[in-house]
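Numbered from 1 within each chain, the chains take letters A, B, ... in sequence-line order. All values derive from a computational prediction rather than experimental measurement.
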Number of protein chains: 2
Amino acid sequence: MTATEETVALSEPSVEEAYGRLAGAIDRGALATLFGECTVEYDGRAASSLGPGRRHVMCKPDGTVLVHTDEGQKPVNWQPPGSEQEARLENGALELHSRRENPDEELVVRFTDIAHLAVFETGDDGANLSVAGTEEDMKRRILEEPELIEPGFRPLATERSTPAGAVDVYGEDREGRVVILELKRRRVGPDAVGQLNRYVEALERDLHAGVEVRGILVAPSVTDRARRLLATNGREFVSLSP
Amino acid sequence: MTATEETVALSEPSVEEAYGRLAGAIDRGALATLFGECTVEYDGRAASSLGPGRRHVMCKPDGTVLVHTDEGQKPVNWQPPGSEQEARLENGALELHSRRENPDEELVVRFTDIAHLAVFETGDDGANLSVAGTEEDMKRRILEEPELIEPGFRPLATERSTPAGAVDVYGEDREGRVVILELKRRRVGPDAVGQLNRYVEALERDLHAGVEVRGILVAPSVTDRARRLLATNGREFVSLSP
DNA sequence: GCCTGCATCTCGTCC
DNA sequence: GGACGAGGTGCAGGC
């Protein structure tokens with residue numbers, strides 16, 4: 001079996017044959033993959049040029065295009081969902097043009113040799129991915145068991161808005177002082193301290209009357225520099241893992 | 001042509017045949033792709049479970065594994081470069097096990113039906129990707145033409161280290177005041193202001209003697225909230241695109 | 001190996 | 001549609 005309505009798979013197809021299959025796949029909203037010798041040009045938010053080499057190209061029905069080399073988790077070039085694809089025959093080569101607007105971006109993959117082309121009908125994906133161990137999970141645990149932060153801590157709100165953005169958890173300590181928590185699911189660096197500082201300062205300014213606001217960074221661990229920044233700014237740290 | 005030393009492509013292979021081909025590809029350091037009905041379990045930095053559905057799986061010779069559905073630019077599940085792959089036959093299903101250490105992470109893709117399997121020899125990729133329009137490009141332009149910031153600005157160093165991290169550009173204004181620049185290749189939000197603040201405050205503390213340090217955010221544009229934060233903190237903004 | 005910050009980040013969510 | 005922040009972020013560069 002080499003081709004059905006379900007799956008098309010061609011090894012070393014002619015450029016013309018590949019063109020027809022690719023155009024058909026784009027038209028039908030199927031998922032197409034190609035592997036072969038190609039160059040890639042991109043122009044949009046940035047601009048890039050990739051010389052000849054053997055790569056894997058995936059063309060999704062939602063408009064995504066991914067160009068993968070034999071290394072790395074990230075595609076070497078890509079186009080986001082919502083882009084418009086078009087197959088073209090140009091001077092004996094197969095070109096995949098992908099364009100989107102806002103921002104204006106174009107990607108062109110030019111194949112001089114196609115080792116393999118495949119087209120798949122995807123149908124609905126259950127897409128029922130459940131993930132555990134997120135920052136959201138940490139938040140739930142803290143709301144259920146506020147003593148994980150410190151004895152007497154009382155959460156009053158989540159995502160409380162401040163002029164600098166929304167605070168993860170807003171509450172009071174046993175002495176009634178305002179406490180805000182910034183949660184991170186992994187070891188934190190200076191950026192998280194900066195974020196906490198922004199919220200604390202914005203809130204102190206917002207509550208004006210010289211109110212003291214305690215800021216606590218909650219994460220599995222901190223880097224040295226982040227710890228020093230916390231100390232310098234008078235913020236605190238509580239170790240908690242998701 | 002359905003199979004050569006260069007490329008193997010099988011439509012609706014038996015589980016046993018697919019197992020042999022996949023194991024061989026992993027062994028040889030080839031790039032393998034599968035498409036078919038599968039479930040995915042992941043446990044590591046987080047944990048996730050993905051119910052049955054038709055997906056595309058790519059297995060790179062560098063140890064990367066990518067599981068793609070018909071939507072989205074990001075894989076629904078993955079394993080980073082350096083992971084170890086193993087194919088297994090379990091109860092009439094083909095399983096791809098991927099494991100890595102530090103952090104300990106495992107991914108298992110279990111295929112109950114394989115619509116297509118392909119194996120590609122990649123050989124060296126030219127990998128000569130050149131990108132333009134990065135933050136690095138902005139920095140070069142500013143060093144060549146400091147007046148893009150303001151008349152009389154003199155850059156003295158790049159990546160100058162402070163207790164809070166390295167500053168993009170460090171220099172002096174026409175009056176001899178210390179100026180630091182934080183560059184961003186795109187429109188900036190509050191996080192960039194926080195970053196700039198960290199650097200300015202760390203540097204003022206470091207130079208102690210009550211030295212005033214000017215902090216300028218250099219980017220194509222700013223959000224409203226970021227602009228307010230800049231004003232509140234006495235920082236400046238210069239519009240420049242990469 | 002860890003730390004730090006960029007990225008055509010992507011993605012969801014909320015406004 | 002923009003803004004804001006999380007992410008199993010990935011990735012390069014420095015130490």
query = Between B:Thr122 and A:Arg54, does any side-chain donor sit less than 3.5 Å from a side-chain acceptor?
reply =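 No.
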key: Modelled atom types, side-chain donor and acceptor of B:Thr39 and B:Arg110, under 3.5 Å   =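 Side-chain D/A pair, B:Thr39 to B:Arg110: absent.
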OP1, OP2 of [N] versus side-chain N and O of [X]: anything below 4.0 Å?
X	N	value
A:Arg187	C:dC3	yes
A:Tyr199	D:dG5	yes
A:Trp78	C:dT10	yes
A:Arg45	C:dC9	yes
B:Gln73	C:dC9	no
A:Lys74	C:dC9	no
B:Arg225	D:dC4	yes

Send over the distance from [X] [atom1] to [N] [atom2], rounded to a whole Å.
X	N	atom1	atom2	answer
B:Leu66	D:dG10	CG	C1'	12 Å
A:Leu196	D:dA6	CG	P	12 Å
A:Asp104	C:dT8	CG	P	18 Å
A:Leu183	D:dA6	CG	C1'	11 Å
B:Leu181	C:dC6	CG	P	13 Å
A:Arg228	C:dC3	CZ	P	12 Å
A:Gln195	D:dC4	CD	P	12 Å
B:Glu136	D:dG14	CD	P	10 Å

key: Candidate pair A:Lys139 and A:Glu136, rule salt bridge (charged side-chain N to carboxylate O under 4.0 Å, His left out), full reasoning   = CA-CA 5 Å; A:Lys139 193 191 298 180; A:Glu136 190 62 26; 3.7 Å; yes
request  = Name the residue closer to the 5' end of DNA chain D, choosing between A:Asn102 and B:Leu107 according to the nucleotide with the nearest heavy atom.
outcome  =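 Looking at the nearest nucleotide for each, A:Asn102 comes out on the 5' side.
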Which part of the nucleic acid does [X] contact within heavy-atom distance under 4.0 Å: base, sugar-phosphate only, or nothing?
X	value
A:Ala164	sugar-phosphate
A:Pro103	nothing
B:Gly72	sugar-phosphate
B:Glu182	sugar-phosphate
B:Thr134	sugar-phosphate
A:Pro80	nothing
A:Asn77	base
B:Gln79	base

task = Can you see which heavy atom on A:Leu143 is nearest to which on A:Pro155, and at what distance?
result =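 In terms of heavy atoms, the two residues are closest at CD2-CB, 3.6 Å.
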message = Looking at every non-hydrogen atom in both residues, tell me the closest pair between A:Leu230 and A:Glu236 and how far apart they are.
response =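 The answer is CD2-O, 3.9 Å.
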ask   = Do any of residues 165-172 of chain B sit with a heavy atom less than 4.0 Å from DNA chain C, and if so which?
value =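 Here the set is B:Gly165.
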Closest-nucleotide ordering on DNA chain C, the 5'-leading residue of A:Tyr42 and A:Thr223 =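 In this pair, the answer is A:Thr223.
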query = If each of A:Gly44 and A:Asp191 is mapped to the nucleotide of DNA chain C with the nearest heavy atom, which maps nearer the 5' terminus, i.e. the 5' end?
reply =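 Of the two residues, A:Asp191 wins.
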ask   = Can you name the residues that form a side chain to side chain donor-acceptor pair (under 3.5 Å) with B:Glu105, not counting sequence neighbours?
value =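 Here the qualifying residues are B:Tyr42, B:Arg45, B:Arg100.
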task = Go through A:Arg99 and A:Glu84 one step at a time and tell me if the salt bridge (charged side-chain N to carboxylate O under 4.0 Å, His left out) criterion holds.
result = CA-CA 5 Å; A:Arg99 173 174 277 282; A:Glu84 293 280 334; over 6 Å; no
ask   = Hey, is B:Arg227 close enough to B:Asp224 for a salt bridge, meaning N to O under 4.0 Å?
value =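 No, no charged N to carboxylate O under 4.0 Å.
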[X], nearest nucleotide to its side chain (from [options]):
X	options	answer
B:Glu135	C:dC6, D:dG5, C:dT8	C:dC6
A:Arg198	D:dG5, C:dC11, D:dA6	D:dG5
A:Arg186	D:dG8, C:dG5, D:dT9	D:dT9

inquiry  = Quick check against the 3.5 Å criterion: does A:Glu204 have a side-chain atom that pairs as donor or acceptor with the backbone of A:Val213?
reply    =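 The answer is yes, because a donor-acceptor pair under 3.5 Å joins these two groups.
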task = Pick the P atom in D:dG8 and in C:dT4, then give their distance to the nearest Å.
result =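 Pairwise P distance, D:dG8 against C:dT4, rounds to 22 Å.
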key: Between D:dG14 and C:dT8 - C1' atom distance, rounded Å   =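 Their C1' atoms lie roughly 25 Å apart.
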key: Pairwise distance CD(A:Glu135) to NZ(A:Lys184) - rounded to 0.5 angstrom   =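 Here the interatomic distance stands at 5.5 Å.
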